[in-house]
Amino acid sequence: MNDVLAVRAARHIFLASELAAEVYSRLPASVRIDMIESIIRRHDPDRWPFVVPVLTRVIALRNQLAHGMPTWEQGEMHVHSYNRGKHTVRRYKPDALGWLVWQAEVVSGELNQLWAHLVPADEEWHRTHPVYAI
């Protein structure tokens with residue numbers, strides 16, 4: 001996500017890498033997803049219709065796993081969490097998790113396509129800048 005966002009804001013490929021690593025990576029995932037959605041809407045919403053929904057699901061699962069306790073019960077993954085003293089359990093069937101992994105891989109490729117679509121055609125953007133030359 002970060003590279004897609006940075007490619008639009010940078011004047012140079014090396015600056016885009018710095019923006020992705022140092023700026024966009026610090027934004028909440030929900031903000032980055034909203035920004036990606038805005039970019040897709042402006043460019044070609046029919047070309048990447050599943051990017052935002054899949055990213056949203058992946059981030060939601062990530063957050064549940066990060067803030068909960070996963071267990072394997074009765075052939076399903078259960079994620080136990082407590083919020084303000086209330087216990088909740090989210091259940092995930094193996095097929096649903098497999099589908100999400102597969103869709104995440106597809107969306108990764110679609111984000112690469114979106115990045116390529118957004119890269120400026122200007123040769124200067126691709127040229128090695130003297131400041132960044134090693």
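The residues of the chain are indexed from 1 along the displayed sequence. Being a predicted model, the structure only gives us computed values, none of them experimental.
With rounding to the nearest 0.5 Å, the separation of CZ in Arg62 from CG in Leu55 is 14.0 Å. Interatomic distance, CD1 of Ile13 versus CD of Glu18, reported as 12.5 Å (0.5 Å rounding). A distance of 13.0 Å separates NZ of Lys86 from OH of Tyr82, quoted to the nearest 0.5 Å. Summarising the geometry, atom CE belonging to Met1 is positioned 4.0 Å from atom CZ belonging to Arg32; distances are rounded to the nearest 0.5 Å. Expressed to the nearest 0.5 Å, how far CD of Gln103 lies from CZ of Arg57 amounts to 9.0 Å.
Nearest heavy atoms, Leu27 versus Val31: CD1-CG1, 4.4 Å. Between Asp3 and Ala20, the shortest heavy-atom contact is OD1-CB, 3.2 Å. For Ala6 against Tyr24, the heavy-atom pair with the smallest separation is CA-CE1, 3.6 Å. Contact record, Leu65 with Pro70: CD2-CB, 3.9 Å, taken as the closest heavy-atom pair. Nearest heavy atom pair, residue Val89 against residue His80, reads CG2-ND1, 3.3 Å. Minimum interatomic distance between Val79 and Gly68 (heavy atoms only, all atoms of both residues): CG1-CA, 4.1 Å.
Under the 4.5 Å side-chain heavy-atom criterion for Ile, Leu, Val, Met, Phe, Trp and Tyr, Met69 and Leu97 are members of distinct hydrophobic clusters. With hydrophobic clusters built from ILVMFWY side chains whose heavy atoms lie under 4.5 angstrom apart, Val52 does not share a cluster with Val101. When hydrophobic clusters are built by joining Ile, Leu, Val, Met, Phe, Trp and Tyr residues whose side-chain heavy atoms come closer than 4.5 Å, directly or via intermediates, Val58 is grouped together with Phe50.
With sequence neighbours left out, the side chain to side chain donor-acceptor pair (under 3.5 Å) criterion links Thr88 to Ser81. When the side chain to side chain contact (heavy atoms under 4.5 Å, CB included) test is applied to Arg11, the partners found at least two apart in sequence or on another chain are Leu15. Not a single side chain to side chain donor-acceptor pair (under 3.5 Å) links His67 to another residue, sequence neighbours left out. Judged as a side chain to side chain donor-acceptor pair (under 3.5 Å), and not counting sequence neighbours, the contacts of Ser38 are Arg42. In this structure, the ring pair (Phe, Tyr, Trp, His ring centres under 6.0 Å) partners of His43, at least two apart in sequence or on a different chain, are His117.
In this structure, the side chains of Thr56 and Ser30 stay at 4.5 Å or more apart for every pair of heavy atoms. Contact of the Ile39 side chain with the Leu5 side chain is registered, since non-hydrogen atoms from C-beta on lie closer than 4.5 Å. Considering only heavy atoms from C-beta on, Leu61 comes within 4.5 Å of Met77 through its side chain. Side-chain contact between Ile33 and Ile59 is present, with at least one heavy-atom pair separated by less than 4.5 Å.
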*Residue pair Val4, Ile36: steps toward the side-chain contact (heavy atoms from CB on, under 4.5 Å) verdict*: CA-CA 8 Å; Val4 170; Ile36 296 249; 3.9 Å; yes
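Residue pairs that meet the salt bridge (Lys or Arg N to Asp or Glu O under 4.0 Å) test with at least one member in residues 94-123, sequence neighbours left out, are Glu123-Arg127.
Counting non-hydrogen atoms of neighbouring residues, nucleotides and ligands closer than 6.0 angstrom, the CH2 atom of Trp99 exceeds 12 such neighbours.
Looking at Arg26, its side chain does come within 3.5 Å of a backbone N or O of Glu22 through a donor-acceptor pair.
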